[in-house]
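Computed from a prediction, not measured in an experiment: that's the story for all the values here. A, B, ... follow the sequence lines: proteins, then strands. Residue 1 opens every chain.
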Number of protein chains: 2
Amino acid sequence: MTRAAPNPARRIREDIEGRIHSGEWKPGTRIPIEQELAARYGCARATVSKALGELVAAGLVERRRKAGTFVAHPPVHSAVMTVPDLAELIAARGESYRWEARAILRRKNAGGADTLQIDGIHFAADEPFALENRTIELAEVPAAAEANFAAEAPGTWLLAHIPWTSARHIVRAVAATRAEAAALATGSGAACLQLERDTWRGDRPVTHVRQLFRGDRFDLVAEFQAGTGKREGN
Amino acid sequence: MTRAAPNPARRIREDIEGRIHSGEWKPGTRIPIEQELAARYGCARATVSKALGELVAAGLVERRRKAGTFVAHPPVHSAVMTVPDLAELIAARGESYRWEARAILRRKNAGGADTLQIDGIHFAADEPFALENRTIELAEVPAAAEANFAAEAPGTWLLAHIPWTSARHIVRAVAATRAEAAALATGSGAACLQLERDTWRGDRPVTHVRQLFRGDRFDLVAEFQAGTGKREGN
DNA sequence: TGGGTCATTATGTCTAGACATAATATGAAG
DNA sequence: CTTCATATTATGTCTAGACATAATGACCCA
């Protein structure tokens, strides 16, 4: 068996990426079949296939059986937005962080199960940074009943205690109500960024949170790199 | 050579996903080595390796040479946000779409190169939906000089003409100025969602756009599914 | 002309074995 | 007791060949 070259798959991937980025192979173009690419790069077809698989994952190409592999059409712009734990976000800015719980109470949710409701404020450098209204389903996270949310922000606590989740975020611009404006030390009606997040474990709801940020103190940053799938943010 | 089972790689991936989701394998846990998994599932090590590779891509596990494969720690919440072409977005809602260019002019940018500046309004069902201020670098997109942006929105045109890009988005809540409020048929100071996007081709800037939406008529939806990398949105 | 069947083709997936590489653990030397 | 060299180990990547599968297009028949 011949010795393998250092990094054929990577070389193939980068070569094809380059041809697409440069415009040499335009969206919709059919690229050579795997056999031919294998011959051209002097490697096994499985290696070409792996490289193409990565390009599919990156959204650069599409493969159709029998038809061949085609340069994908430019994506509707999408971006990976990271929505970090507020404590971490603020620590990363080098500011002091503080959480203040305003109300913690148990109640029944629509299904009759126990729900923990927590309201509070996040402070950055002793200035109010975000309001938070959260509910936690105790059926999914029984340990939450014993946690001390007056000291530790529930988001941070949940990150450390929930195995794995899927989530849906809704980002919206809203005007602060009088009460919200007062809590955020801004004017009534001020533009605020509202982030709502529903979190599930499997298909059962775990927590719902609404965070309200002063529009002049917070923004979301999202990056998108076609071809690499790399993600950064905030 | 033995006949291959229908979908070993997928079975392996889903089994491991399940153990992670259920909490059986907690973050930081070392999972069995590839050889052992291969034996357990009755397949070749390469197949296990492929399955693990997909789990890495999904962010569920981390692999370290010699050390082994470990369940990844839950991600700081991230989500894939899709920022669609406005014409498509509005068409998908079943509303009529219209673009109105307000100002198109050439000017020199900071580097002395030619820049096209375009301002306009997007309408959904004949109501103003978004303001757009855009600049296009003619050095990167010379064809833009001949395009008729009075008829076709520049975002739509660019999607069809630019080979591939990376982008950075900034989402922020801002208060509408008097002029903006008037153009959007809302009140002065109304909360608006501002989306800024810088787009590059390779490392050269292509276009910058600022879109301003009425906060009560638009929101961004972003989904995140740990383990699958699936993306949906809006 | 319309429609159904079938061979062809290109991707999809897997196997068994080989060698590369990096990080850890071990043991020897100072 | 510390430090450096070495062996071990688990992942990383590749090869060559095999069979599966889906979609296309050509062919044949009504």
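- Between the side chains of B:T29 and B:R19, no donor-acceptor pair of N or O atoms lies under 3.5 Å.
- Contacts between residues 61-71 of chain A and DNA chain D, defined by a heavy-atom separation below 4.0 Å, involve A:R65, A:K66, listed by number.
- OP1 or OP2 of C:dT15 has at least one side-chain nitrogen or oxygen of B:T47 nearer than 4.0 Å.
- By the ring pair (Phe, Tyr, Trp, His ring centres under 6.0 Å) test, B:H73 pairs with no residue at all, sequence neighbours left out.
- A donor and an acceptor atom, one from each side chain of B:T165 and B:R197, are nowhere located under 3.5 Å apart.
- Evaluation of the ring pair (Phe, Tyr, Trp, His ring centres under 6.0 Å) rule for B:H122 yields B:Y97, B:W99 as partners, not counting sequence neighbours.
- By the ring pair (Phe, Tyr, Trp, His ring centres under 6.0 Å) test, B:F213 is found to be paired with B:F129, B:F218, residues two or more places apart in sequence or in another chain being considered.
- Within the 4.5 Å cutoff, no side-chain heavy atoms of A:I170 are placed close to those of B:L220.
- One interatomic measurement links the two molecules: NZ of B:K50 to C1' of C:dT15, which rounds to 13 Å at whole-angstrom precision.
- Using a 4.0 Å cut-off on heavy atoms, the residues of residues 29-45 of chain B that approach DNA chain D are B:R30, B:I33, B:E34, B:R45, listed by number.
- With A:F70 as the aromatic partner, A:R64 meets the cation-pi criteria of under 6.0 angstrom to the ring centre and within 45 degrees of the ring axis.
- Applying the salt bridge (charged side-chain N to carboxylate O under 4.0 Å, His left out) rule to B:R134 yields the partners B:E132; only residues at least two apart in sequence or on another chain are considered.
- Nearest to the side-chain atoms of B:A46 among the listed nucleotides C:dT15, D:dT13, C:dC14 stands C:dT15.
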